[in-house]
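Naming: A, B, ... by sequence-line order, numbering from 1 per chain.
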Amino acid sequence: MKYTHHNNELTMNDINKTVFLKGFVRKKRDLGNLVFVDLRDSEGLTQLAFDADNPLKAQAEKLKTESVIEVGGHVRERSSKNPNLHTGDIEIDVDTLHVLSLAKQSPMLIQDDTDALEDTRLKYRYLDLRRPYLQNILKTRHKITATIRDFLNSQNFYDIETPYLTRSTPEGARDYVVPSRNYPGNFYALPQSPQIFKQLLMVGGFEKYYQIARCFRDEDLRADRQPEFTQIDIEMAFVSEDDVMRLSEGMIKALLKKIKGIELKTPFPRLTYQEALKHYGTDKPDTRFAMKLITLNDIFKKTDFKVFKTVLDKGGLIKGLPIKNGAKLYSRKNIDQLTKDVAKYGAKGLAFFKMQDHTLSGPVTKFMSEAELTMFKSITKLEEGDMMLVVADKANTTNAALAYLRNRIAKEQGLIDDNEFDFTWVTDWPMFEYNEEEDRYQALHHPFTKVHDQDKDRIKDAPSDVLAYGYDLVAQGQELGGGSLRIHELTMQNDVFTVLGMDETAIRQQFGFFVDALQYGTPPHGGIAFGLDRLVMILTGTKNMRDVIAFPKTASAHCLLSDAPGEVSDEQLKALGLKRRE
RNA sequence: GGUCCUGUGGUGUAGUGGUUAACAUGCCAGUCUGUCACACUGGAGAUCGCGGGUUCAAAUCCCGUCAGGACCGCCA
């Protein structure tokens with residue numbers, strides 16, 4: 001099929017040219033003795049005109065919406081122009097028309113303001129994808145990956161693929177698992193990330209590696225989490241934390257310039273993990289607005305207020321979220337609602353303090369001494385009309401609840417500028433975190449993260465105090481990427497495995513090949529991985545991850561288009577050595 | 001695993017105990033020479049997600065179930 005132009009191209013400069021166009025019939029306007037057809041392709045719209053004396057007019061009247069057609073004709077000036085359309089000054093006087101593919105009635109309107117609900121859109125994703133909105137996002141996604149590849153190629157990185165069929169490893173997310181035909185009863189696992197393989201590439205002597213790699217995690221989903229997602233995976237030998245962060249900043253800077261025309265300032269600000277938690281209650285703070293949390297433990301050291309006293313006796317945390325002019329903005333009823341909403345984070349209550357008529361009021365003030373009130377005012381620096389929401393609970397609960405409130409209230413009060421791009425590093429992560437339910441330590445980042453030099457001799461003695469060379473890149477309150485320097489010495493790696501509760505047998509069995517590799521000369525190395533899907537969301541202003549993926553899955557990991565997952569035949573099961581239960 | 005929201009012509013919605021199940025859009029037919037959300041006239045199109053229960057009577061109330069969504073847990 002030949003065509004001479006796309007549908008966004010023709011203008012007054014092309015008058016009288018003979019052209020061939022193709023595309024979908026977007027809309028037909030039949031005025032009786034005159035028929036107009038909007039022709040849509042991936043680039044835009046062109047209007048076709050069929051006059052009263054055009055022998056093709058009868059055929060045009062019968063055209064079905066979304067059919068694929070091919071037309072030939074010549075470009076002419078419109079007698080009434082459409083200033084909203086790039087090709088709005090011209091139209092095509094058609095002299096050949098072929099229907100290449102007849103369309104039956106579409107289950108949804110193929111326009112940006114489609115009225116279809118998301119499950120319909122996912123079932124007929126190929127129709128949904130015709131909408132300019134999704135076309136533009138996926139085109140931007142392409143531009144983003146192209147820019148990233150250009151940037152990393154220019155820095156002498158090699159793009160190397162790693163296996164999708166690999167080995168299940170303990171720790172981390174639940175694996176997607178693939179049965180082996182050659183080894184009945186054994187399974188491959190799809191990678192949660194290329195972590196081990198990219199480290200082995202460093203051992204293999206490649207000093208700069210990257211890959212835009214698919215990753216798979218069989219966990220419950222969210223608006224910003226899909227079961228398969230894409231990472232921009234980077235690893236480098238002989239580098240410091242600063243080297244990796246500087247490279248990442250260069251890449252993000254190049255992206256924002258190319259995609260948004262924004263000149264970002266580098267280096268990005270840095271916060272330690274401890275600072276982030278202290279000021280924002282979360283390891284992924286939205287730093288586009290202030291509203292820093294204030295720790296209030298000191299004020300209530302000797303309090304008579306039972307709720308607070310109990311919390312402090314158990315080593316808990318009392319923190320406040322200051323809200324400028326909040327005293328009038330938030331009524332008792334509003335606060336009751338916030339209290340309810342914060343319960344899902346485990347917070348059992350929400351106290352408030354209001355500064356009105358230069359007096360501190362609130363349900364807790366009557367339990368406070370004059371000295372405590374004075375101290376409260378001087379620590380919180382509340383001004384006339386301000387309010388403070390206070391949570392007293394286990395540290396994790398207090399932080400989670402207040403971090404939620406901070407984001408929510410900032411949104412409600414319009415404190416967030418959606419066009420502001422704010423990238424921040426969160427550094428100095430603890431190596432381990434204690435899991436109370438399972439009564440064991442877990443790696444906060446992953447078990448291959450290198451610990452700070454000054455901590456390396458006390459990994460086994462004081463796991464909770466050990467810090468790691470880890471760094472996350474946070475933007476708009478989302479974790480965009482994370483990385484670390486990696487362990488390249490066997491002793492440190494073994495110490496970490498030991499803290500994680502693995503004895504020598506377990507280490508051999510699960511990571512034997514990896515531990516072996518470390519013993520043949522391992523360049524010190526480190527790297528980072530960015531969530532491509534989230535990056536595209538931020539750069540296209542999309543709230544829903546499904547909109548940045550061509551064929552996404554539902555919140556229950558179901559593909560409505562192909563109806564995956566589906567059953568397999570008894571023959572297939574037999575070949576794999578598998579049996580159905582019951 | 002848990003909490004909450006939603007499910008009504010092709011599509012999106014209205015309908016809180018008795019309606020001819022309403023509206024918009026799309027679709028079909030007709031009129032129309034400058035539309036571009038064309039306009040106008042007429043028409044077809046609904047097992048009210050599914051199963052059970054309450055009731056003289058259920059789209060509507062109750063229970064269960066399925067599907068979609070948001071969130072908590074989970075996601076090294």
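- To the nearest whole angstrom, the two P atoms, one in A57(B) and one in G15(B), are 26 Å apart.
- Counting to the nearest Å, the P atom of G9(B) and the CG atom of L117(A) are 12 Å from each other.
- Between the side chain of R222(A) and the base of G69(B) there is no donor-acceptor pair of N/O atoms closer than 3.5 Å.
- Using a 30° and 60° split on the angle between ring planes, H446(A) and F448(A) fall in the tilted class, from 30° to 60°.
- R26(A) comes within 4.0 angstrom of no nucleic acid atom, judged by non-hydrogen atoms across all strands.
- Across all strands, L560(A) comes closer than 4.0 Å only to sugar-phosphate atoms, never to a base (heavy-atom distances).
- K64(A) has a side-chain polar atom (N or O) that falls below the 4.0 Å cut-off from OP1 or OP2 of C28(B).
- For G9(B) and A22(B), the P atoms lie 13 Å apart once the distance is rounded to whole Å.
- Distance noted for atom P between U25(B) and C61(B): 29 Å (whole Å).
- If you take CD of E61(A) and P of C28(B), they are 13 Å apart, rounded to a whole angstrom.
- Taking 3.5 Å as the limit, the base of G7(B) and the side chain of D119(A) contain no donor-acceptor pair of atoms between them.
- Among the heavy atoms of the strands lying under 4.0 Å from P447(A) is at least one base atom, whether or not backbone atoms are also near.
- In the set U33(B), C32(B), C74(B), C32(B) carries the atom at the smallest distance from any side-chain atom of D30(A).
- The side chain of T120(A) sits closest to G12(B) out of G12(B), U35(B), G69(B).
- The phosphate of G34(B) has neither OP1 nor OP2 within less than 4.0 Å of any side-chain N or O from S79(A).
- Ring geometry for Y273(A) against W429(A) counts as tilted: the plane angle lies between 30° and 60°, on a 0 to 90° scale.
- Y471(A) places no side-chain N or O within donor-acceptor distance of the main-chain N or O of G482(A), the cut-off being under 3.5 Å.
- Protein atom CG of L221(A) is 13 Å distant from nucleotide atom C1' of A70(B), rounded to whole Å.
- Residue A52(A) is in base contact, counting any heavy-atom pair closer than 4.0 Å across all strands shown.
- The distance between atom CZ of F36(A) and atom C1' of C36(B), rounded to the nearest whole Å, is 8 Å.
- Within the 4.0 angstrom heavy-atom criterion, no nucleotide atom of any strand lies near R174(A).
- Base pairing analysis places U13(B) opposite A22(B); the two distances defining the Watson-Crick or G-U wobble pair are each below 3.5 Å.
- C38(B) and U31(B) have their C1' atoms separated by 14 Å, with the value rounded to a whole Å.
- Classification of the Y469(A)-H452(A) ring pair by plane angle, with boundaries at 30° and 60°, yields tilted.
- Across all strands shown, nothing is found opposite A59(B) as a Watson-Crick or G-U wobble partner with both distances under 3.5 Å.
- When the C1' atom is compared between G69(B) and U60(B), the two are found 23 Å apart, to the nearest whole Å.
- For the P atoms, the distance linking G64(B) with C5(B) amounts to 14 Å, nearest Å.
- Here E433(A) lies out of heavy-atom contact (under 4.0 Å) with every strand.
- Distance I110(A) CD1 to G26(B) C1': 12 Å, rounded to the nearest Å.
- R486(A) comes within contact range of no nucleotide atom at all, as no heavy-atom separation falls under 4.0 Å.
- Phosphate proximity of G68(B) to S556(A): present, with a side-chain N or O under 4.0 Å from OP1 or OP2.
- Side-chain atoms of E219(A) lie closest to C74(B) of the nucleotides G69(B), C36(B), C74(B).
- Between D128(A) and R546(A), no side-chain nitrogen of the basic residue sits less than 4.0 Å from a carboxylate oxygen of the acidic one, so the salt-bridge criterion is not met.
- The separation of C66(B) from G51(B), taken at their C1' atoms, amounts to 10 Å, rounded to a whole angstrom.
- Of the possible polar contacts, one joining the K28(A) side chain to the L63(A) backbone as a donor-acceptor pair under 3.5 Å is found.
- Comparing C38(B), G69(B), G12(B) by their closest approach to the side chain of L31(A) singles out C38(B).
- Looking only at distances, no side-chain donor or acceptor of N399(A) sits under 3.5 Å from a matching main-chain atom of L402(A).
- Atom CG in N82(A) sits roughly 12 Å away from atom C1' in C38(B) (whole-Å rounding).
- When rounded to the nearest whole Å, the span between CZ of F50(A) and C1' of U35(B) equals 14 Å.
- OP1 or OP2 of C38(B) lies within a sub-4.0 Å distance of a side-chain N or O belonging to K27(A).
- At A67(B), none of the side-chain N or O atoms of H558(A) fall inside 4.0 Å of OP1 or OP2 (strictly under the cut-off).
- Nucleotide C32(B) has no partner under the Watson-Crick or G-U criteria, as no pair reaches both atom distances under 3.5 Å.
- Positionally, the nearest nucleotide of RNA chain B for Q47(A) lies more toward the 5' end than for the other of Q47(A) and R217(A).
- As a whole-Å value, the separation of K28(A) NZ from C32(B) C1' is 15 Å.
- Contact annotation for Y345(A): backbone-only contact, meaning every heavy-atom pair under 4.0 Å involves sugar-phosphate atoms and none involves a base.
- Among the nucleotides C72(B), C36(B), U33(B), the one closest to any side-chain atom of N33(A) is U33(B).
- If you take atom C1' in U19(B) and the same atom in A29(B), they sit 30 Å apart, rounded to whole Å.
- Residue-level contact check: S80(A) touches the bases, meaning some heavy atom is under 4.0 Å from a base atom.
- No N or O donor and acceptor, one from the side chain of R29(A) and one from the base of C32(B), sit under 3.5 Å apart.
- Using a 4.0 Å heavy-atom criterion, one finds that L444(A) contacts the sugar-phosphate atoms exclusively.
- In plain terms, the two heavy atoms of Q199(A) and I487(A) that are nearest each other are NE2-O, 4.1 Å.
- Pairing for U3(B) is with A70(B), a Watson-Crick or G-U wobble pair whose two hydrogen-bonding atom distances lie under 3.5 Å.
- Checked by atom type, the side-chain pair D175(A)/S168(A) shows a donor-acceptor distance below 3.5 Å.
- Counting atom types as modelled, R225(A) pairs a side-chain N or O with a base atom of C74(B) as donor and acceptor under 3.5 Å.
- Heavy atoms of T65(A) sit under 4.0 angstrom from primed sugar atoms or phosphate atoms, though from no base atom.
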